[in-house]
Amino acid sequence: MSTSVILASAFVLSFVALLVFIWSQRHGLFSRDSTGANVIFGAEEIGRAEEPAVTSTAAHALQQQVNRASGKIAAPASASDLRTRAAADESSTPVVFFMFCAAFAWLLVATAAGLLASYKLHEPDFLTQHAWLTFGRVRTLHLNAVAYGWAPMAGLGIAMFVLPRLLGRPLLGGGFAMLGAALWNAALISGLASIAVGINDGLEWLEIPWQIDVLFVAGGLLVAVPLVLTLAKRKVEHLYVSVWYMACALFWFPVMFVVANIPGLHRGVEQATMNWWFGHNVLGLFYTPLALAAVYYFLPKVIGRPVQSYNLSLLGFWGLAFFYGQVGGHHLIGGPVPAWLITLSIVQSMMMVLPVIAFTVNQYQTLEGYLSALRYSPTLRFIGLGGLMYTASSLQGSFEALRSVNAVTHFTHYTVGHSHLGLYAFVTLVFFGAMYFIVPRVTRREWPYPRLIAAHFWLSSIGVAIYVIALCVGGWLQGEAMLDAGKPFMDSVSVTLPYLKARTVGGALMGLGHLVFATHFACMIFNLGPRRIGATLLGEAPAGAP
Amino acid sequence: MKSESRLLIGAMVMLGFAASALVVIPYVQVANVAPTSGMKPYTSTELRGREQYISNGCLYCHSQQPRAASLAPDAKRGWGRASVAGDYAFDTPHLLGTMRTGPDLLNIGARQPSVQWHLGHLYQPRAYVPGSIMPSYPYLFVIKDQAEPGDVVVHLPEGNAPAGKVVIATPEAQELVSYLLSLDRTHPVRAQES
């Protein structure tokens, strides 16, 4: 039997197995109502908006929008439900606060490094006297500060906040997570220092020396302890879809990270396939699930409406878990790796369309008729745009894996544009939105300057739009020039220059947005600005509101 | 979903599928592949140069994997034949790369065998390739009033050396160049190797 037949039959078999598996977990897969989706609300609470990121007047306006859209006036949540939620929020406060502070620090470090790297790419003689400031190192510092600093600290902080709410009880063992986060950050500081002085393992996404990685693993395991403890003692029967994503992300990451970093095991071309198995899965099976979990929780919570077609999320979840894991090989199309592996990765990349559509339908149906709420809720604005960008970046990624497209875009800045559509426009915007929701709960006061939130939103979204469009267009032209044997290689360089400059402009706007966000956060911590405490805590409507 | 153990076991099985496809089977298939004929292990100087290549991040702009003629005109650009797994038998960590902000380097040693060209190009790429966006690496060189015995002087094109001074290559620069010169996978591939 030929390899292709074996491969095709293995594929069909596993696909059927996947469908059977999903079917075995379902309760009325396509039914539009499901009690599972309601577990994020207290009794009678559906129809109640919860948006701590706005002032009490705006919260009142948001509630009116929700009332209009749902056609009824919901009763306030019961006192006991609110007490449970307040206890849950309080239990996670220290660890969430610590992780968010770290996330802000890494966001600023990563932004500075990224902006410098971007500028250096069109001004190659800028700051060349010091080894640690050379493009190759600054770019790597940027990637690692995002990959192991900003994204996990923000994502895990959000998970620590959401989990006790979803499991209906205070977080257990938060101290372990605190210690774990401290270890993790210590590891990252030494990892970045090591890259800056030029000691690294030489694999993209896995540059930090394995000796330091041991600390990451210990830190990661400690962060997972409260998840396990709280799961074991949970007060709810049904595990909400966000829990699936968060729990699996917390288990997937350590396994991948350990396998990828075992010293002396991986060699030659096998190391390259392992490299992209990890490099792509850390996106798809760590940041993506953390961000999707946030979308699945905050989007319905803000508008007070449960996820519609909740059972579709089963398809979305298991589809992601199954297909995403195997797509990494598309980074090696045309490379010296076994042909079956490339084919498998291309097929699974296309199959990713399925879970993505399932997610999109879910969110679209939930938001349908509630779009006016976007005007009143910053959380919703960030998360809504972020969720939309998940669809966009996933579809773009699927098509990028096709051989004909890949021949042009592979090896070009197009890939960098795509990665920022995913990790910034999707993951980071969602994290921003969730943080706007959570920080007022953690610091027990409102965001003092609503205009700063609006400024951050527009700076970030316009910035990333310029960034992604510039690099996708520039990268495509670069790829076309490289494929044209009649053109000298330098044509593929010079054609990108205006686009690389545009990228720096886009990046600078994003960076400005981050400064605004960090300043606003500092105002919260240090109690600066107008003080309007109490009014929107726990989403209660102000006195006299319906 | 009601059972967390079912959830986590399912999730790990999914990751297991992926790991066997992208890690385990390639490990069995190609991790111990024999070097293509004519390849020699790197010398210790070349390996130190390879460390320089890694520590300065060359791999983020230069791939080391020429593609087949059916996919791209890499061979016509002089980048060499499509590479095969055996070409990387001595490459740990692998440096296949994902970007071609600069050209592919798997055969740079065959394409440009001049030590002086490489040293000067590292010192100031734009002295050799107008419009290049490669960073210059002045920190790999020392500027002296005059060369001392044993110094490797870099002979730059007119007007590129600081006036009245000489540019000396550090050992790191020399090692990096010796690694670049070792990059030569032009030997033909026998049928069973491809």
Side-chain angles (χ1 to χ4, degrees), chain A residues 14 21 25 120-122 124-125 128-131 134-137 139-140 198-204 231 237-239 244 247-248 251-252 255 259 267-275 277 281 321-322 325-326 328-329 331 334-336 338 341 344 407 411 415 482-483 485 489-490 493-494, chain B residues 1-2 4 7-8 10-12 14-15 17-19 21-23 25-27 29-31 33 54-61 63 65 67-68 71-73 76-77 82-85 87-89 91-96 98-101 103 125-126 129 131-139:
Chain A
S14 55
F21 181 73
Q25 308 263 322
K120 278 168 153 296
L121 211 49
H122 51 84
D125 286 313
T128 49
Q129 282 301 331
H130 304 284
T134 194
F135 173 83
R137 294 195 192 170
R139 173 216 174 275
T140 312
I199 303 168
N200 84 59
D201 281 354
L203 298 179
E204 255 183 291
L231 257 183
E237 202 198 346
H238 175 80
L239 292 173
W244 318 340
C248 290
F251 276 79
W252 277 326
V255 175
V259 171
R267 285 214 296 276
V269 168
E270 178 270 341
Q271 194 177 34
T273 63
M274 182 285 293
N275 196 173
W277 165 81
N281 281 354
F322 182 72
Q326 304 167 33
H331 281 267
L341 190 149
L344 175 74
F411 297 131
T415 315
M482 238 187 293
L483 284 186
F489 178 78
M490 276 310 292
V493 175
S494 51
Chain B
M1 203 175 310
K2 295 196 167 63
E4 57 267 47
L7 169 74
L8 291 175
M12 285 302 148
M14 298 296 173
L15 186 62
F17 273 137
L22 268 70
V23 182
I25 303 181
Y27 188 85
Q29 213 174 345
V30 292
V33 70
I54 293 169
S55 92
N56 289 299
C58 306
L59 67 146
Y60 302 112
C61 290
S63 61
Q65 43 166 325
R67 290 183 284 183
L71 205 60
K76 286 191 188 148
R77 294 196 183 280
S83 58
V84 297
D87 290 333
Y88 305 92
D91 282 23
T92 304
H94 84 92
L95 299 173
L96 262 62
T98 48
M99 290 288 280
R100 282 182 181 168
T101 309
R126 278 153 293 288
V129 185
S132 164
I133 57 170
M134 176 168 141
S136 44
Y137 293 89
Y139 59 85

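Quick caveat, the model's predicted, so the values are computed rather than measured. Convention: sequence-line order gives letters A, B, ...; per-chain numbering from 1.
By number of non-hydrogen pairs under 4.5 angstrom with chain B, the leading residue of A:Arg137, A:Glu270, A:His122 is A:Glu270. When the candidates A:Thr415, A:Ile199, A:Leu203 are compared by the number of heavy-atom contacts under 4.5 Å with chain B, A:Leu203 comes out ahead. Options B:Leu96, B:Val129, B:Asp87, B:Ile133 differ in how many heavy-atom pairs under 4.5 Å they form with chain A, and the most are formed by B:Ile133. The choice from A:Gly335, A:Gly328, A:Gly202 that makes the most heavy-atom pairs within less than 4.5 Å of chain B is A:Gly202.
For A:Met490, the part sitting under 4.5 Å from any heavy atom of chain B is the side chain, from C-beta outward, and nothing else. Contacts of A:Thr140 with chain B are made by side-chain atoms alone, with heavy-atom separations under 4.5 Å and no backbone atom involved. Within the 4.5 angstrom heavy-atom criterion, atoms from both the backbone and the side chain of B:Ala72 approach chain A. Within the 4.5 angstrom heavy-atom criterion, no atom of B:Ala89 approaches chain A. For chain A, the nearby part of B:Leu59 is the side chain; its heavy atoms alone come within less than 4.5 Å. Neither the backbone nor the side chain of B:Cys58 comes within less than 4.5 Å of any heavy atom in chain A. Contacts of A:Asn281 with chain B are made by side-chain atoms alone, with heavy-atom separations under 4.5 Å and no backbone atom involved. For A:Arg267, the parts sitting under 4.5 Å from any heavy atom of chain B are the backbone and the side chain alike.
Closest of all the heavy-atom pairs between B:Ser83 and B:Tyr88 is OG-OH, 2.7 Å.
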